[in-house]
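All residue numbers refer to positions in the sequence shown, counting from 1.
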Amino acid sequence: MIRRIERGSVALFAGLVLGLSLHGCWISETTDVRGETDQGPVFEEQILDMLTGQADAWNAGDLDGFMVDYERTPTTSYIGSTGLITGFDAIRERYAPRFLPGAERDSLRFVDLHTRQLDPRFGLATARYVLYRDGQTTSTGPFTLVLVNVEGSWKITHDQSASDPPPAEPE
């Protein structure tokens, strides 16, 4: 299915990229050589707690608990194998079938978390998701989160996830 990209979405995305790019120039002058702000360890701990809560909610079959960390706006976005999805409600709809009674849903954990607080309002996180069943990995992949601080709580305003290709069959 081909989705038309609306001008407002493109402008919003371009503004975000430009703003983060320009902000990155400013932040490099105010951070140490590793690019960490004074809040680096606190920010990382907050994001680790967020992701742990998301994995716990996923594994318990709690869709609302899984979605609680996404910003509840029509501009929150997700990019995955099905393309761009815009809006909290649309993202929730994307995940909902996996949480139906009797639906098969592998267990989830996150690994290799890297965070960067850009300023008091915005941050980035990268990590890998791992889906597993009966001790066997069924799917993995990297993801990037753009986070916004909303009244003291970090929320996901953009999520881009990818799946690793399946391992090659031995010849």
Fill in the blank from the handout: Output for pair (Trp58 CH2, Leu51 CG), nearest 0.5 Å, gives 13.5 Å

Completion exercise
Closest heavy-atom pair, Val111 versus Ala127, reported as atoms and distance to 0.1 Å, is O-CB, 3.4 Å

Completion exercise
Closest non-hydrogen contact found for Ser163 with Ser139 is OG-OG, 4.4 Å

Fill in the blank from the handout: Test side chain to side chain contact (heavy atoms under 4.5 Å, CB included), reference Gln54, set Asp49, Leu108, Ile156, output is Ile156

Exercise for the section: Determine whether Phe122 and Val150 fall in the same hydrophobic cluster, where Ile, Leu, Val, Met, Phe, Trp and Tyr are linked whenever their side-chain heavy atoms lie under 4.5 Å apart. Expected result: yes

Handout entry: Short side-chain donor-acceptor distance under 3.5 Å, Ser77 and His158
Key = yes

Problem - Smallest separation among heavy atoms of Asn59 and Asp106, with atom names - result: OD1-O, 4.4 Å

Exercise for the section: Could you walk me through whether Arg133 and Glu104 pass salt bridge (Lys or Arg N to Asp or Glu O under 4.0 Å), step by step? Expected result: CA-CA 10 Å; Arg133 182 181 327 134; Glu104 189 171 293; 3.0 Å; yes

Problem - Flag side-chain contact, heavy atom, 4.5 Å: Phe43 against Leu147 - result: yes

Handout entry: Side chain to side chain, Gln160 and Tyr78, heavy atoms closer than 4.5 Å
Key = no

Practice task
Look at the side-chain heavy atoms of Ile, Leu, Val, Met, Phe, Trp and Tyr, link any pair under 4.5 Å apart, and say whether Val68 and Phe88 land in one connected group.
Solution key: no

Problem - For Ala90 against Ile85, the heavy-atom pair lying closest together - result: CB-CG2, 3.5 Å

Handout entry: Cluster overlap Leu100 with Leu131, hydrophobic side-chain contacts below 4.5 Å
Key = no

Fill in the blank from the handout: When rounded to the nearest 0.5 Å, the distance separating OG of Ser153 from CD of Gln46 is 8.5 Å

Exercise for the section: Kindly indicate whether a cation-pi arrangement holds for Arg109 with Tyr129, taking the cut-offs as under 6.0 Å to the six-membered ring centre and within 45° of the axis. Expected result: no

Fill in the blank from the handout: salt bridge (charged side-chain N to carboxylate O under 4.0 Å, His left out) filter on Glu151, not counting sequence neighbours, yields none

Practice task
Report yes if the side chains of Leu118 and Leu124 come closer than 4.5 Å at any heavy-atom pair, otherwise no.
Solution key: yes

Problem - Sub-4.5 Å side-chain heavy-atom contact between Thr138 and Val130 - result: no

Exercise for the section: Classify the angle between the aromatic ring planes of Tyr70 and Tyr95 as parallel (below 30°), tilted (30 to 60°) or perpendicular (above 60°). Expected result: tilted

Practice task
Check whether any side-chain heavy atom of Pro142 sits under 4.5 Å from a side-chain heavy atom of Thr144, and report yes or no.
Solution key: no

Exercise for the section: Would you list the pairs meeting salt bridge (charged side-chain N to carboxylate O under 4.0 Å, His left out) in which at least one residue belongs to residues 57-85, sequence neighbours left out? Expected result: Asp64-Arg92

Handout entry: Co-membership, hydrophobic cluster, residues Phe66 and Leu113, 4.5 Å side-chain
Key = yes

Problem - Ring-face cation of Arg128 near Phe143 (centre distance under 6.0 Å, axis angle within 45°) - result: no

Problem - Non-hydrogen side-chain atoms of Thr76 and Ile91 separated by less than 4.5 Å - result: yes

Handout entry: Nearest heavy atoms of Thr86 and Pro74, plus distance in Å
Key = CG2-O, 3.2 Å

Practice task
Measure from the side-chain N and O atoms of Asp119 to the backbone N and O of Arg121, and report whether any donor-acceptor pair falls under 3.5 Å.
Solution key: yes

Practice task
Compare every heavy atom of Phe99 with every heavy atom of Arg105, then report the nearest pair and how far apart it is.
Solution key: NH1-CA, 3.7 Å

